[in-house]
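All values below were derived from every heavy atom in this structure, side-chain atoms included, with hydrogens, water molecules and symmetry-related copies excluded. This structure is a prediction, so every number in the text was calculated from the model and none was measured.
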Amino acid sequence: MKLYQKLLSVSLTLFLLLSLTACGQSAAVPDQSPASPEAAAPEPDQPDAPADLPADPVRVRTAALKGPTAMGLVHLMSTPGAERDYDFTLAGSADEVTPALIKGDLDVACVPANLAAVLYNKTEGQIVTLAVNTLGVLYIVENGGESVRSMADLKGRTIAAAGKGSTPEYGLRYLLEQSGLDPDTDVTVDWKSEHAECVAAMAAGTADIALLPQPFVTAAQSKLENLRVALDLTEEWDALDNGSALITGVAVARHAFVEEHPEAVEQFLEAYAESVNWVNSNPAEAAELIAEYGIIDNAAVAEKALPHCNIVCLTGQEMCEKLSGYLQVLAAAAPEAVGGAMPRDDFFYGA
């Protein structure tokens, strides 16, 4: 009996020792067996859901041409924090902007109105017009004379102009035709590469009539005391009463960007409209910013020109009606002016 009790005591002692040893190994040595997917999940304190993190703001890469199409953006460009949401590029001509837009290096661009339609057709619908940003800004100016009082008075005259293949050319041709003149035989247009060349030609006396947009008209008048505005092409166009309006510039975007970032597009348009309203309501302060950004070098000239630059931000149905009417006029006169065909409805954002 004593032998039995002694054996039982030894057995219990060994069992307890083995149990304690097993617990110690379990705590000190990690399990080496293959882990299940559930066992491999990260610890609760590890970030495992990127969706829970705040999304980075969408940077809208925006370009505009120096002149009225960029002037309406200056308040937005100068707003504190805007650099977080926008990258702004200012260019001297549309040729510097359109390749980057087509390649996807830009998201939004402010370009001549007819060029928007050309790009739409060229890219097979990959360009969307967000807003009309500039109405008519074209003027016929005469230096040292008063012989031009109507479009008909341009018969037999030479006009210095820039913007061949864009709004200036097509707008001028249309108005000449509506006045009974043949643009190819009744007038001579001396095409320059830049509007500044037209001003230089007038200053040198090699031209006495020019087609100029604002703010170049105001800049030229500051240098040439006998320069006068002979014809306002916006007034000439409106007098035709054909249901359309003379439009200079629009803001367009890549269709893919609009589809991928609708909120960013809406925020841009809201900020753009606020900027345009501020610029039109505060010409002196806006002129300082315009000069600071190099859009126009002289703030005084910018301030004088602003009321004549027709800077707007027309969106939705109003944008669609005015722009489509203008493009239809161009398409009827010269289909190549809009890229061969009128854009479809998807060309007009929000219409």
Do [X] and [Y] belong to the same hydrophobic cluster, where Ile, Leu, Val, Met, Phe, Trp and Tyr are linked whenever their side-chain heavy atoms lie under 4.5 Å apart, directly or via other members?
X	Y	result
L135	V276	no
L269	V132	no
L138	M202	no
L130	L101	no

(request) Indicate yes or no: does D208 engage R157 in a salt bridge with an N to O separation below 4.0 Å. (result)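 Salt bridge flag = yes for R157 with D208.
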(request) For the pair D153 and K155, find out whether any cationic side-chain nitrogen is under 4.0 Å from an anionic carboxylate oxygen. (result)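 Salt bridge: no.
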(request) List the steps and the verdict of side chain to side chain contact (heavy atoms under 4.5 Å, CB included) for I140 and I209. (result) CA-CA 7 Å; I140 295 291; I209 299 174; 3.9 Å; yes
What is the distance from atom [atom1] of [X] to atom [atom2] of [Y], rounded to the nearest 0.5 Å?
X	Y	atom1	atom2	answer
E236	L176	CD	CG	10.5 Å
E274	C313	CD	SG	10.0 Å
N298	T218	CG	OG1	10.5 Å

With heavy-atom distances below 4.5 Å as the criterion, would you say the side chains of [X] and [Y] are in contact?
X	Y	result
M77	L289	no
Y170	E336	yes
Y120	V338	no
R228	V141	no
V137	H308	no
F268	V108	yes
V97	L106	yes
Y86	R61	no

(message) Within the 3.5 Å criterion, strictly below it, is a donor on S244 or Q328 matched to an acceptor on the partner's side chain?
(response)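 Side-chain D/A pair, S244 to Q328: absent.
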(message) Ignoring hydrogens and geometry beyond distance, is a side-chain donor-acceptor pair present between D95 and S93 at under 3.5 Å?
(response)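 No pair is found: no donor N or O on one side chain lies under 3.5 Å from an acceptor on the other.
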(message) D107 vs R59, test: salt bridge (charged side-chain N to carboxylate O under 4.0 Å, His left out). Steps then yes/no.
(response) CA-CA 9 Å; D107 304 312; R59 293 180 69 85; over 6 Å; no
(request) Starting from the C-alpha separation in whole Å, work towards a yes-or-no answer on side chain to side chain contact (heavy atoms under 4.5 Å, CB included) for T167 and Y326. (result) CA-CA 11 Å; T167 300; Y326 171 68; 3.3 Å; yes
(message) Once you measure the plane-to-plane angle for W237 and Y174, does it fall in the parallel (<30°), tilted (30-60°) or perpendicular (>60°) bin?
(response)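 Rings of W237 and Y174: tilted, as their planes differ by 30° to 60°.
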(request) Can you spot which of N133, T134, N114 makes a side chain to side chain contact (heavy atoms under 4.5 Å, CB included) with T248? (result)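 Between T248 and the candidates, side chain to side chain contact (heavy atoms under 4.5 Å, CB included) is satisfied uniquely by T134.
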(request) Show your reasoning for whether side chain to side chain contact (heavy atoms under 4.5 Å, CB included) applies to V58 and D85. (result) CA-CA 6 Å; V58 176; D85 300 321; over 6 Å; no
(request) Check the pair V128 / F348 against side chain to side chain contact (heavy atoms under 4.5 Å, CB included), numbers first and verdict last. (result) CA-CA 6 Å; V128 180; F348 305 96; over 6 Å; no
(request) May I ask you to check whether over 12 heavy atoms, not counting those of D184, lie within 6.0 Å of atom CG? (result)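 Yes, CG of D184 has more than 12 neighbouring heavy atoms, counting only those of other groups under 6.0 Å.
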(message) Around atom NZ of K192, are there more than 12 heavy atoms from other residues, nucleotides or ligands closer than 6.0 Å?
(response)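 Enclosed: over 12 neighbouring heavy atoms sit under 6.0 Å from NZ of K192.
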(message) Restricting to side chain to side chain contact (heavy atoms under 4.5 Å, CB included), what partner residues turn up for E83, sequence neighbours left out?
(response)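 Partners of E83 by the side chain to side chain contact (heavy atoms under 4.5 Å, CB included) criterion come out as none, since no residue qualifies.
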(request) Please list, chain by chain and in numerical order, all residues satisfying side chain to side chain contact (heavy atoms under 4.5 Å, CB included) with A64, sequence neighbours excluded. (result)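 Checked A64 against side chain to side chain contact (heavy atoms under 4.5 Å, CB included); matches are A70, L73, L90, C110.
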